[in-house]
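Report on the following structure.
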Amino acid sequence: MGEKKRIELDYSKIESDRMRLNVGPQHPSTHGVLRLEVELDGEIVTEVVPHIGYLHRCFEKHAEKMTYPQVIPYIDRMDYVTSMNNELPYVMAVEKMLGIKVPEKVEYIRVIMCELNRIASHQIAVATFGLDAGAFTPFLYFFRDREYILAIFEKASGARLLFNYFWIGGLSADVHPTFKEDVLAIVKQVRKTNKEIEDLLIYNKIFIERTANVGILPADVAINYACSGPVLRGSGVKFDLRKNEPYSIYDRFDFDIPVGMGEVGTVGDSWDRNIVRMREMEQSCRIIEQAVAQMPDEGDVQEKLPKRIKPPKGDIYMRAENPKGDLGFYIVSNGTDKPERVKARGTSFVNLSVLPEISKGYMFADLILILGSIDIVLGEVDR
Amino acid sequence: MIEYIKNVWLGFWTVIVGMRITLAHLFEKKVTVQYPDDRYPIPPNARNKLYLDPTLCNGCTSCERICPVNCIKVETLRVVPDDPERPMIADGSKRKLWVPVYDIDFAKCCFCGLCTTVCPTFAIKHTVEFEYSTYSRDELYVRFSDMSPEKIIEKKKMLDEFQAKEKAAKAEAARKAAEEKSKTDAKAETSPVTESKESN
Amino acid sequence: METINFVYNLIPDQFIAIIVICTIPLIFLIVYALLAILGELKISAWIQERLGPMRTGPWGILQPIAEVVKLIQKEDLTPDTANKPLFNLAPFIIFMGAYASFAVIPFSRYFIPSDINIGLFYIFAVGSIAVIGIVMGGWASNNKYSLLGAMRSVAQIISYEIPGAMAILSVAVLASSLNLEKINIAQEGGIWNWFVFGGQGSWDKLWVVPFTLILSLIYLISSLAETNRTPFDIPEGESELVAGYHTEYSGMKFAMFFFAEYANMFVVAAVLTITFFGGWNSPFGNFMQGPGWDVFWFVGKSFFFVIVQIWLRWTLPRLRVDQLMYVGWKVLLPFSFICFLFISLFRMIN
Ligand code: SF4
Ligand code: SF4
């Protein structure tokens, strides 16, 4: 309800004591173990310095010692709420190096799983964003639905979070017989909950006031910082790898790319980033419905592969649209069964880099919301 | 002014809308599962605690090699050809290796399921059991081998004797060969005495 | 002999009676707090499609007792760099502020601990003591989060007292009294005579009904701010300030904060009941009216408003500090002034 949101202060005129505050690594809303060194002038943020690395697990070094299939469990643990999506670019890259094409059914299952996982990830993003704003109830509604999605993953892959489901050349196991019905039931449930959450949280006046015009990320800044995913699209840039560089079988589906339009505030504010996620869930539902309709029932889920996967010498960069943005893997092969180097372009890591830029001049409470709207997972930031 | 009234009204109205939704949920069916009493169904292919059927394991160590976190430790002993027990693997094929040590450290295991897929005899499997928290990490180190210490010692002795015999035979043969100045059986090498893999 | 007489004279005649009158609200408060904690746990759970506590006692009804036992057992930590006397005193001051209000709350026409003429004013005065406790706690903790929380809290409580007071003042105008008993008596005779519907009077009171309705709402909103409940729980907003001014407290001292919050919730609900919703009066006129029913109606209505506060908490996100000020100064205050003006005019004309 305040008309003027961005508080510009001429610090040369105002003499006041700044306070340095350590937010995290143990703080309820840093979404993991992130430490923010914040300089406050009263309640107004003058400087933010993110300190990362508390969750560093040497993924890239590990990958050098592993055979190609062994790397996949480590990739799961990068962004642990979107494991399916993490695996996809990696397996696609290795498949491309090996020059194999996976069966049709596998492609469909991969797309369905990825989109389900995208919904699950966005649910967490919106839920925790609401939690940052102080709304606890939508959080649990989303988690209830996410639980149904995880149940499907568990039935298919055997694990609830770290699936190791996409394998080079196929899948680790076929889906269960009732897969299609289960997925369609989920889609229905997701739509119902999203409708409810829109009334309960998204269009709530208090929530709009909290998030609109907060943390404005102009499109050019977003591009300069190489942001991707909903953070980029929230700034009004229509860029989605699924449409712009279709991989897998995404060119067969009809879906839109939601972008932030500044409906309640300025283009690129926290509310826009959030609503992009909400609308992407709907688009994912559409993709899932089409994929389920087209998916062949019969078929193998694993391409014949040599016992030892030895891609030829060379390198490859493969990227895919993760729920959080553009996740890429650069793999250098030296001809053995172990990669020479696996470099991951972490989505959250890149998106996090924009935080100091967009959070200056806002209130401390806004900083938390801006961080929430960027939606980072520290597992991927630190790797 | 109109904007102001609109904002105030919106603020009021959306609160009412939200309260209506939460009120409706107040009377809805609850989704909580009272965990230890009744449970969420676990699919049979769930990847939880591992179980090894020692009668099936042929000691090929594929699982040990594929494990990304090196939490499986397998040691094998060669079976002597004239073992009186006529060892068989449960699937009917002949046992070539005893498995005196087969340990899994569940504190390390990441339940990726790779070991179960490479096992040629389906000896190692995931079970649906997931409640095995313990008070100490040592209890998570599970030894699966079904061989008693006495049996291991016995088999070791048998193998040692057999190998000694073999060595003697070989030495004899070598001597003979040396005498006859012909190099024929240089390649008839036997595999190492005890294959012991360390888990780096 | 002289001194003994002196001491004896200090003890009033109805010593026992005074003790009883002092303890009855305390006992009530403890029972109520346990019930309210259970209500909070269960209502929040049901709203979120959970079951809430189920293990302690049948349907988890012993959970609040378990929580209290847990808090008592916990180690009572005092940070090394804290200002110890202030740190230890703060929770008691906050609780005192809440408990002192009970001195004038009329549970029934036969149980008014202290029937003073300026009851409404008194409640407002002692309610402000909590601010001192919060600042003491926040500052003495020597924690930046606590300090921020305390700063916010003071600004918040002081600004929301004004619209709240305006709302109450209108009732005082309508009832021509600050005495809580008189206010209650002025609302006798059914739901239509409550001050939320303009109080007793002929049909021309319809002119003030919209204003009294708005004022009751304004009081409800500002009372939420005064008790630091969502959407105004900014001083302790856990996503920003961890736990605000009571971040450093643990054990029994934390329980005191907790207890005071629930006590405050009841006080504001009770004030709302007394001033706008008929206090001990039955909504059906003379039906179900009597000393026993008095307590029932009063406590029942207050509980209802406590539940409304809980319900709101689990529905809404929280505001930001500047927006909170905006709502207080630019929305509630003008509205309450306008309503107050009209009601006073109406009173003058009549
Ligand atoms: S499940 Fe994975 S981590 Fe566990 S023992 Fe098997 S291969 Fe190793
Ligand atoms: S892969 Fe199977 S048979 Fe081979 S050692 Fe492991 S459990 Fe035994």
Side-chain angles (χ1 to χ4, degrees), chain A residues 1-3 62-63 65-67 69-77 135-138 140-141 143-145 147-148 150-165 167 172-176 178 195-209 264 302 307-308, chain B residues 3-26 28-33 40-50 60 62-71 108-118 120 125-128 130 200:
Chain A
M1 285 166 224
E3 286 90 31
H62 267 301
K65 290 268 179 278
M66 301 282 157
T67 60
Q70 283 179 341
V71 176
I72 299 177
Y74 284 87
I75 287 173
D76 280 340
R77 282 155 181 79
F136 200 85
T137 304
L140 279 157
Y141 292 167
F143 264 65
R144 177 198 62 199
D145 282 8
E147 210 55 26
Y148 301 139
L150 295 190
I152 290 199
F153 290 157
E154 192 184 20
K155 273 190 198 164
S157 71
R160 294 179 70 76
L161 202 61
L162 306 159
F163 312 107
N164 190 14
Y165 187 57
W167 279 5
S172 72
D174 200 351
V175 289
H176 49 285
T178 57
K195 177 88 204 33
E196 221 166 59
I197 301 286
E198 276 185 7
D199 286 343
L200 183 59
L201 181 69
I202 306 289
Y203 287 104
N204 184 294
K205 190 72 187 156
I206 299 177
F207 185 72
I208 290 178
E209 287 302 326
V264 296
Q302 181 73 37
K307 195 143 193 298
R308 299 203 149 200
Chain B
E3 189 74 350
Y4 171 83
I5 299 281
K6 212 179 116 198
N7 274 341
V8 170
W9 170 249
L10 262 180
F12 177 72
W13 177 245
T14 50
V15 168
I16 301 288
V17 168
M19 286 179 80
R20 210 182 54 214
I21 291 173
T22 40
L23 186 68
H25 275 279
L26 193 61
E28 223 154 78
K29 198 170 167 294
K30 311 294 173 245
V31 292
T32 309
V33 175
Y40 197 69
I42 299 174
N45 63 341
R47 296 207 311 254
N48 292 319
K49 195 176 186 180
L50 286 160
C60 69
S62 310
C63 52
E64 189 184 13
R65 272 179 276 127
I66 193 89
C67 179
V69 292
N70 297 327
C71 67
K108 280 192 201 163
C109 176
C110 67
F111 307 100
C112 62
L114 287 172
C115 51
T116 59
T117 50
V118 295
K125 272 203 210 81
H126 282 290
T127 60
V128 293
F130 61 93
N200 12 317

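We name chains A, B, ... by the order of the sequence lines, and we start the count at 1 in each one. From a predicted model like this one, the values you see are computed outputs, not experimental measurements.
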Looking at chain B, which one of A/His176, A/His62, A/Met66, A/Gln70 has the largest number of heavy-atom pairs inside 4.5 Å, strictly under? A/Gln70
Rounded to the nearest 0.5 Å, what's the gap from CG on A/Asn204 to CG on B/Leu10? Could you check? 10.0 Å
Of the backbone (N, CA, C, O) and the side chain (C-beta and beyond), which part of A/Leu200 lies under 4.5 Å from a heavy atom of chain B, both, or neither? both
Applying side-chain hydrogen bond (donor to acceptor under 3.5 Å, both in side chains), name anything that partners B/Lys49, two or more places apart in sequence or on another chain. none
Grab the two heavy atoms, one from B/Leu114 and one from A/Pro69, that are nearest each other, plus how far apart they are. CD1-O, 4.1 Å
To the nearest 0.5 Å, how far apart are CG in A/Asp199 and CD1 in B/Ile21? 4.5 Å
Rounded at 0.5 Å granularity, tell me how far CD in A/Glu154 sits from CG in B/Asn48. 7.0 Å
Heavy-atom proximity to chain B below 4.5 Å, by part of A/Phe163: backbone
Value for CZ (A/Arg160) from CZ (B/Phe130), rounded to nearest 0.5 Å, stands at 9.5 Å
Name all pairs fulfilling the side chain to side chain donor-acceptor pair (under 3.5 Å) condition that reach into residues 13-23 of chain B, sequence neighbours left out, sorted by first residue then second. B/Thr22-C/Trp311, B/Thr22-C/Thr315
Go through the atoms of A/Tyr74 and report whether side chain, backbone, both or neither lie under 4.5 Å from a heavy atom of chain B. side chain
Taking side chain as everything from C-beta outward and backbone as N, CA, C, O, which of these in A/Ala151 sits under 4.5 Å from a heavy atom of chain B? Side chain, backbone, both or neither. both
B/Cys110 side chain reached by A/Leu162 side chain, heavy atoms, under 4.5 Å: no
Determine whether A/Tyr203 and B/Val17 make a side-chain contact, defined as any pair of heavy atoms from C-beta on separated by less than 4.5 Å. no
Between the NZ atom in B/Lys6 and the NZ atom in A/Lys205, the distance rounded to the nearest 0.5 Å is 7.5 Å
Given a strict heavy-atom distance threshold of 4.5 Å, which part of B/Phe12 is in contact with chain A: side chain, backbone, both, or neither? neither
Run the side-chain contact (heavy atoms from CB on, under 4.5 Å) check on A/Phe143 and B/Val31 step by step: do they pass? CA-CA 11 Å; A/Phe143 264 65; B/Val31 292; over 6 Å; no
Worked check of side-chain contact (heavy atoms from CB on, under 4.5 Å) between B/His25 and A/Thr137: CA-CA 10 Å; B/His25 275 279; A/Thr137 304; over 6 Å; no
Can you name the nearest heavy-atom pair linking A/Lys155 to B/Asn45, along with the distance? O-ND2, 2.8 Å
Can you confirm whether more than 12 heavy atoms, excluding those of A/Lys65, are under 6.0 Å from its NZ atom? no
